[in-house]
There are 2 protein chains.
Amino acid sequence: MPAQPALKPLNTDQLKTVCSSCSLRELCLPMGLSETEIERLDQLVSTRRRIKRGENVYRAGDPFASLYAIRSGFFKSNVILEDGRDQVTGFHMPGEIVGMDGISTDRHACNATALEDSEVCVIPFARLEEASRQVRSLQRQFHKVMSREIVRDQGVMMLLGTMRAEERLAAFLLNLSQRFVARGYSPAEFHLRMTREEIGSYLGLKLETVSRIFSKFQDEGLIGVQQKHIRILHVDGLKAMLGHHT
Amino acid sequence: MPAQPALKPLNTDQLKTVCSSCSLRELCLPMGLSETEIERLDQLVSTRRRIKRGENVYRAGDPFASLYAIRSGFFKSNVILEDGRDQVTGFHMPGEIVGMDGISTDRHACNATALEDSEVCVIPFARLEEASRQVRSLQRQFHKVMSREIVRDQGVMMLLGTMRAEERLAAFLLNLSQRFVARGYSPAEFHLRMTREEIGSYLGLKLETVSRIFSKFQDEGLIGVQQKHIRILHVDGLKAMLGHHT
DNA sequence: GACCGGGGTTGATCTACGTCAAGGCGCAAA
DNA sequence: TTTGCGCCTTGACGTAGATCAACCCCGGTC
């Protein structure tokens with residue numbers, strides 16, 4: 001085997017996963033489950049997939065079979081509109097579950113695209129349903145995860161329906177900050193994985209507007225921006241923007 | 001009992017309900033279940049509540065205990081913002097299930113307000129979970145109902161994020177029309193239960209804009225409007241508006 | 001039958017954000 | 001090092017929809 005590389009390429013690897021030893025278990029599906037209950041989860045969440053930047057976990061129209069727990073990396077949910085525009089409907093980070101849009105019609109309704117090289121745990125849905133018929137607390141937890149998605153979406157609807165551009169951006173940054181904190185990262189300093197255009201698409205704004213408002217926030221000393229690197233300098237200032245509809 | 005009225009007032013009545021004989025069962029939770037499975041549902045969906053116009057099934061902050069299937073009438077989901085404005089996040093008609101926002105935190109995240117005198121079937125959530133641990137197809141159906149809510153919300157997000165005022169209104173009317181059809185009503189002629197302001201709040205527009213666009217559609221022969229009575233005269237014309245982002 | 005008030009319409013004007021356009025920065029390939 | 005290409009920034013200008021304001025319509029009440 002002289003000409004063989006030491007490791008074969010990993011793009012399609014099926015790696016062994018266990019929830020019970022996962023550092024994200026307090027955020028993810030295992031949240032609130034006992035040790036033995038988590039072991040039941042281990043039985044069904046048996047593989048993970050690596051997704052390269054730009055690739056999709058699933059695409060709109062794909063048959064639905066599994067949910068995916070993000071183990072590492074960063075994703076956007078998006079739909080390609082008839083006119084070719086890419087409409088972003090969400091951003092997702094480790095510990096979050098994607099794919100629930102597929103349950104209702106047995107086909108996915110959107111794409112889940114990696115914004116950086118990432119890894120997801122595959123949760124075969126039929127087996128999750130089976131397990132949650134047996135383990136009450138798992139059933140409960142899964143229902144909470146779905147409900148949280150509903151509440152989150154309604155929050156975005158309100159953002160889009162009522163807020164002005166600056167408020168949207170402020171809310172967006174604060175939301176990201178919170179989610180980073182929950183994952184043990186700095187609340188004040190982080191790296192945006194998405195472009196201005198993707199942020200704009202998600203927030204119902206144009207990329208120029210996003211850029212301008214970042215600059216404005218910077219001029220006002222609220223944040224520091226250089227390219228995709230963000231520092232939040234004055235959280236309360238950002239919070240104060242919300243709800244001030246002029 | 002001479003001075004007694006023949007019937008006591010019904011506002012707080014607990015009436016017996018059965019899914020198995022309900023005309024909405026093909027739209028509602030029983031969808032796709034067998035006769036015997038629906039009988040299992042009958043055991044838990046035992047009461048219904050009358051809700052007068054303007055009253056709430058639940059309010060934001062209320063402890064969560066049940067879901068509610070709309071049996072008759074019309075509802076909006078809404079949140080009262082700090083500044084007192086009433087932000088509408090959805091409209092609901094018979095056969096739809098409301099209250100799923102409460103699962104994630106055990107408290108409701110919004111109000112469900114009746115837009116006309118209505119009736120809902122109370123579905124105690126603990127018992128629904130119990131039954132769906134026993135009846136596989138009920139579990140599946142319930143998951144589909146939740147997923148449909150997620151997909152629906154994402155559709156609204158896209159509407160708010162990408163469409164212009166006329167497109168939003170056109171999409172709104174077509175959506176109502178479809179939902180009326182599914183319930184056996186005319187797709188072309190219906191009564192709006194909500195005010196222009198509520199429509200605007202839902203669509204991220206001001207009531208004047210809604211009013212103006214209704215008038216415009218009328219001038220163009222797309223619809224007939226008189227107050228809350230709507231006739232759709234030219235469905236294809238409305239459909240053609242979607243996706244034309246000039 | 002007169003009154004009243006909530007909802008709806010319509011016009012005139014204002015403005016937040018979109019659009020168009022010209023550069024600039026940073027990274028990767030040549 | 002140069003070239004090219006995303007991605008971002010910034011300015012000048014245009015416009016969809018908000019705002020402000022007057023008025024109307026209709027259903028309920030006294």
Side-chain angles (χ1 to χ4, degrees), chain A residues 53-54 74 76 83 85-88 113 115-116 159-173 191-220 223-230 241 244-246, chain B residues 52-54 74 76 83 85-88 113 115-117 159-173 191-220 223-230 241 244-246:
Chain A
R53 179 192 157 97
F74 210 92
K76 65 174 176 182
D83 57 14
R85 279 198 344 284
D86 174 349
Q87 169 66 27
V88 176
T113 311
L115 294 177
E116 62 186 25
L159 178 146
L160 292 171
T162 71
M163 292 187 184
R164 288 143 71 291
E166 293 185 11
E167 301 176 273
R168 292 183 198 188
L169 246 319
F172 175 72
L173 290 174
H191 185 81
L192 296 175
R193 273 76 178 197
M194 68 295 279
T195 65
R196 305 288 191 260
E197 184 161 23
E198 286 164 336
I199 297 172
S201 170
Y202 179 60
L203 296 178
L205 302 170
K206 293 288 139 176
L207 70 95
E208 294 94 330
T209 306
V210 173
S211 179
R212 268 187 251 275
I213 292 176
F214 275 160
S215 302
K216 178 153 182 286
F217 283 178
Q218 177 154 251
D219 294 348
E220 294 169 351
I223 63 174
V225 195
Q226 34 195 9
Q227 302 288 112
K228 300 198 161 171
H229 187 83
I230 299 278
M241 306 218 57
H244 285 327
H245 310 268
T246 359
Chain B
K52 286 240 188 75
R53 179 191 157 97
F74 209 93
K76 65 174 175 182
D83 58 14
R85 280 199 343 282
D86 174 348
Q87 169 66 28
V88 176
T113 311
L115 294 177
E116 61 185 28
D117 293 358
L159 178 146
L160 292 171
T162 71
M163 292 187 184
R164 289 145 71 289
E166 292 184 13
E167 301 176 272
R168 293 182 198 187
L169 247 319
F172 175 73
L173 290 174
H191 185 79
L192 296 175
R193 273 75 174 195
M194 68 295 280
T195 65
R196 304 288 191 259
E197 184 161 25
E198 286 164 337
I199 296 173
S201 170
Y202 179 61
L203 297 177
L205 303 170
K206 294 288 139 176
L207 70 94
E208 294 94 330
T209 305
V210 174
S211 180
R212 267 185 251 276
I213 292 177
F214 275 161
S215 302
K216 178 152 182 286
F217 283 178
Q218 177 155 250
D219 292 348
E220 294 170 350
I223 64 174
V225 195
Q226 34 196 8
Q227 301 288 112
K228 301 199 161 170
H229 187 84
I230 299 279
M241 307 218 56
H244 286 325
H245 311 266
T246 7

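Residue numbers begin at 1 in each chain, while the letters A, B, ... track the order of the sequences. Since this is a predicted model, take the numbers as computed values, not measurements. Values reported hereafter were calculated over all heavy atoms of this structure, with side chains retained and with hydrogens, waters and symmetry mates removed.
Annotation: proximity of residues 192-203 of chain A to DNA chain D (heavy atom, distance under 4.0 Å) is found for A:Thr195, A:Arg196, numbered in ascending order.
Residues A:Val88 and A:Glu197 have side chains not in contact (no heavy-atom distance under 4.5 Å, counting atoms from C-beta outward). B:Lys228 has its side chain within reach of B:Thr195: a pair of non-hydrogen atoms, C-beta onward, lies under 4.5 Å apart. No side-chain heavy atom of A:Tyr202 sits under 4.5 Å from any side-chain heavy atom of A:Met194.
Put simply, CG on A:Leu160 is 16 Å from C1' on C:dA16, counting in whole angstrom units. Atom P of nucleotide C:dC25 and atom CD of A:Gln226 are separated by 14 Å, given to the nearest angstrom. With rounding to whole Å, A:Glu166 atom CD is found 16 Å from C:dG18 atom C1'. Atom CD1 of B:Ile213 is separated from atom P of C:dT9 by 12 Å (rounded to the nearest Å). Between B:Lys216 atom NZ and C:dT10 atom P there is a gap of 14 Å when expressed in whole angstrom units. Between the CD atom of B:Gln227 and the P atom of C:dG6 there is a distance of 16 Å, rounded to whole Å. For B:Leu169 and D:dG17, the CG to C1' distance is 13 Å, given to the nearest whole Å. Atom pair B:Met163:CE and C:dC17:C1' shows a separation of 20 Å (rounding to whole Å applied).
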Pairs under 3.5 angstrom only: tabulate donor-acceptor contacts from the side chains of residues 205-214 of chain A to other protein residues two or more places apart or in another chain.
none

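The backbone N or O of A:Leu115 sits nowhere less than 3.5 Å from a side-chain atom of A:Arg193 that would complete a donor-acceptor pair. Checking side-chain atoms of B:Asp117 against main-chain N and O of B:Arg53 turns up a donor-acceptor pair under 3.5 Å.
Checked against C:dC17, D:dC20, C:dT9, the side chain of A:Ala165 finds its nearest nucleotide in C:dC17. Taking only side-chain atoms of B:Thr209, from C-beta outward, the nucleotide of D:dT9, C:dG8, D:dA18 with the closest atom is D:dA18. Considering only side-chain atoms of A:Arg164, the nucleotide from C:dA16, C:dT9, D:dA18 that sits closest is C:dA16. Nearest nucleotide to the side chain of B:Glu208, out of C:dC20, D:dC20, C:dC17: D:dC20. Side-chain proximity of A:Ser215 to C:dC17, D:dT9, D:dA18: nearest is D:dT9. Here the side chain of B:Lys206 is nearest to one of D:dT19, C:dG18, C:dC17, namely D:dT19.
Across all strands shown, A:Leu207 has heavy atoms under 4.0 Å from base atoms, whether or not it also approaches the sugar-phosphate.
In this structure, the salt bridge (charged side-chain N to carboxylate O under 4.0 Å, His left out) partners of B:Asp86, at least two apart in sequence or on a different chain, are B:Lys76.
The phosphate of D:dC7 (OP1 or OP2) has no side-chain N or O of A:Lys228 nearer than 4.0 angstrom.
For a distance-only test at 3.5 Å, the side chain of B:Arg212 fails to qualify as a donor-acceptor partner of the base of C:dG8.
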